[in-house]
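A short worksheet on the structure shown next.
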Number of protein chains: 2
Amino acid sequence: MCSSIDDCDLAILANESSRMTVADGRSFIEEGAPANDFFVVTGGRVKLFTLLPDGRRQITGFAEGGHFLGLAASTSYAFGAEALGGATLCRFPHAGMQRLTERFPNLEHRLREEASRELALMQARMTLLGRKTARERVATFLIERCQHLEKPDLSHPVELDLPMPRTDIADYLGLTIETVSRILSAFKKEKLISIRSITHITLLMPERISTIAEGME
Amino acid sequence: MCSSIDDCDLAILANESSRMTVADGRSFIEEGAPANDFFVVTGGRVKLFTLLPDGRRQITGFAEGGHFLGLAASTSYAFGAEALGGATLCRFPHAGMQRLTERFPNLEHRLREEASRELALMQARMTLLGRKTARERVATFLIERCQHLEKPDLSHPVELDLPMPRTDIADYLGLTIETVSRILSAFKKEKLISIRSITHITLLMPERISTIAEGME
DNA sequence: CGCAGGTTTGAACGCAGTCAAGGATCGTGG
DNA sequence: CCACGATCCTTGACTGCGTTCAAACCTGCG
């Protein structure tokens, strides 16, 4: 987001924001709470989720460095947010953000772009949740992780680090941890991936996994 | 959207847009096609969807009068769109829209609000698709329909008109038509609803249905 | 070493899907 | 006006995928 703002204006920006750090597992946005701030993730990772009254949870996204949070909110937040292994954030009160958009008109455009990008992602995720099989979901998740790397290249084996526990993967994919675990084991048995440790997975045949992800087996 | 623009400026607006009518079932946005236009639904209804290669379909939303389409697109559309019983639209080429946002700065803000509203809706829909049971999904759908009425009031019976076929309801909820049909029949048997005709349904106990929708049975 | 948390694996169940037949409803043409 | 066919919807019987319940297995840490 900062890319849309001149260097010499960083002081103004800093003036409207405050930095904060959130410890692992600590929640910093409460679903349904009055939405007073925007956030930018500056370090670490964050998970966004919504809850049902009985505790069922849907993780709606993972956010990392540079990600913008709080667009999916009018007066109250439509989601909760929690640090995933510690995170640092920039907090922008709505009022301050409004001053910024008046000062930097193209910032508003930038925010819309961010929202559009997010919308497009969510469309794909709805298809995943509504129409894909468990195998396809896990495959999609692995490919998504690849594309978050700096150099996404599916023509060679890819080493992945999954910073989130299985519980989070399951709640992200609309599955149970057992199903996620079983399917990862199946992929391993099929020599599609190798599991070096719980968090460290190598995609041995990324393109085949991508094919599975698209539902073309 | 037009509410953010002065009456006397309508001419400028009209100059940048063109009207079009789409016949029932006719597609006017092709998923993946280059995104050159925004659309505003001015009459009738429209369904938005994404497809998997083998034909599985997820309907990501229904849009009616006043709704804005095309925000979930960067260079190419992230969804397809099709008229539902005939619709009229306003088409705004991206270039023209840019001229409009330069002329009316608060339009950009308006677009972001629209995107935010849509994002919040999608969060809820992801929870529906990822974590709700079939019963809860159908109940949620019925309640959603209530809230699209001008006077949403769940304390008395509500008459609903469902303009879309069962196929669309199923693809919207991530279910099959059989399941949707069975659950509507079950609701009827439980005296929660009455089915006057295929499209005309009365919620006899809206609050109980709302309770089911939230997963609190 | 022993405990605790998360993960994997196994066995059985159940919800929603699939397959298939029967019913409505509507438009069309004889 | 009714018969016919097409299309959509409902209902039933059965299957199967993913869940549930439960036990074993790591892995790190006091």
Side-chain angles (χ1 to χ4, degrees), chain A residues 24-25 47 52 54-59 84-85 128-141 160-190 193-201 212 215 217, chain B residues 23-25 47 52 54-59 84-85 128-142 160-190 193-201 212 215 217:
Chain A
D24 184 23
K47 55 187 167 192
L52 289 175
D54 62 1
R56 277 174 286 175
R57 186 178 67 154
Q58 176 65 45
I59 291 189
L84 182 62
L128 178 142
L129 294 172
R131 286 302 180 213
K132 287 191 181 177
T133 66
R135 245 176 100 81
E136 289 161 3
R137 293 182 202 201
V138 174
T140 306
F141 174 74
L160 284 183
D161 201 75
L162 305 182
M164 65 289 288
R166 298 282 186 269
T167 313
D168 288 352
I169 300 178
D171 283 349
Y172 178 70
L173 298 177
L175 300 169
T176 61
I177 50 173
E178 292 94 330
T179 301
V180 171
S181 183
R182 263 186 263 274
I183 287 171
L184 286 176
S185 298
F187 282 170
K188 180 173 147 196
K189 194 164 294 176
E190 299 172 37
I193 67 174
S194 81
I195 304 178
R196 316 182 72 174
S197 81
I198 285 176
T199 61
H200 200 180
I201 287 183
I212 295 172
E217 197 60 357
Chain B
D24 184 24
K47 55 187 168 191
L52 289 175
D54 61 0
R56 277 175 285 175
R57 186 179 66 155
Q58 177 65 46
I59 291 190
L84 182 63
L128 179 143
L129 293 172
R131 285 305 179 211
K132 286 191 180 178
T133 66
R135 246 177 100 81
E136 290 161 2
R137 294 183 201 201
V138 175
T140 305
F141 174 73
L142 293 174
L160 285 183
D161 202 74
L162 305 182
M164 66 289 286
R166 297 285 186 268
T167 314
D168 288 351
I169 300 178
D171 283 349
Y172 178 69
L173 298 176
L175 301 169
T176 60
I177 50 174
E178 292 95 329
T179 300
V180 171
S181 183
R182 262 186 263 273
I183 287 172
L184 286 175
S185 297
F187 283 169
K188 179 174 148 195
K189 195 164 294 175
E190 298 172 38
I193 67 174
S194 82
I195 304 178
R196 316 182 71 175
S197 82
I198 285 177
T199 61
H200 199 182
I201 287 182
I212 296 172
E217 196 57 354

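The analysis underlying the following values was restricted to heavy atoms, covering all of them including side chains, and did not include hydrogens, waters or symmetry mates. Quick note on labels: first sequence line is chain A, next is B, and so on, each numbered from 1.
Below the 3.5 angstrom threshold, one finds no donor paired with an acceptor across the side chain of A/R137 and the base of D/dG18.
In this structure, B/T179 reaches the C/dG17 phosphate: one of its side-chain N or O atoms is under 4.0 Å from OP1 or OP2. At least one side-chain nitrogen or oxygen of B/S181 sits closer than 4.0 Å to the OP1 or OP2 atom of D/dT10. Contact annotation: A/T176 reaches the phosphate of D/dT19 (side-chain N/O to OP1 or OP2, under 4.0 Å). For A/R182 and D/dG18, the shortest distance from a side-chain N or O to OP1 or OP2 is not below 4.0 Å.
Going from atom CG of A/L173 over to atom P of D/dG18 covers 12 Å, rounded to whole Å. Atoms NZ (A/K188) and P (C/dT8) sit 8 Å apart, rounded to a whole Å. One atom, CG of B/L184, and another, P of D/dC8, lie 17 Å apart when rounded to the nearest Å. Taking atom CD1 of residue A/I195 and atom P of nucleotide C/dT9, one finds them 8 Å apart after rounding to whole Å. One can place CD1 of A/I177 at 14 Å from C1' of D/dG18, the figure rounded to the nearest angstrom. Taking atom CD on A/E178 and atom C1' on D/dA23, their separation rounds to 12 Å, with Å as the unit. Protein atom NZ of A/K132 is 18 Å distant from nucleotide atom P of C/dG17, rounded to whole Å. If you take CD1 of A/I183 and P of D/dC17, they are 11 Å apart, rounded to a whole angstrom.
Comparing B/K189 and B/T167, the nucleotide of DNA chain D nearest to each residue sits closer to the 5' end for B/T167.
A salt bridge is absent between A/D161 and A/R196; no separation between the charged side-chain nitrogens and carboxylate oxygens falls under 4.0 Å.
B/R131 and A/D171 make their closest contact through NH2-OD1, 2.8 Å (heavy atoms, listed as atom of the first residue, atom of the second, distance).
As judged by a 4.0 angstrom heavy-atom cut-off over every strand, B/L175 is placed among residues touching the sugar-phosphate backbone only. Nucleic acid contact for A/S197: none, since no nucleic acid atom lies under 4.0 Å from a heavy atom of the residue.
Counting heavy atoms from C-beta outward, B/I198 and B/R166 have side chains that approach closer than 4.5 Å.
The OG atom of A/S181 sits 10.0 Å away from atom CD1 of A/I169, with the distance rounded to the nearest 0.5 Å. From B/F187, atom CZ reaches atom CZ of B/R135 across 5.0 Å, with rounding to the nearest 0.5 Å.
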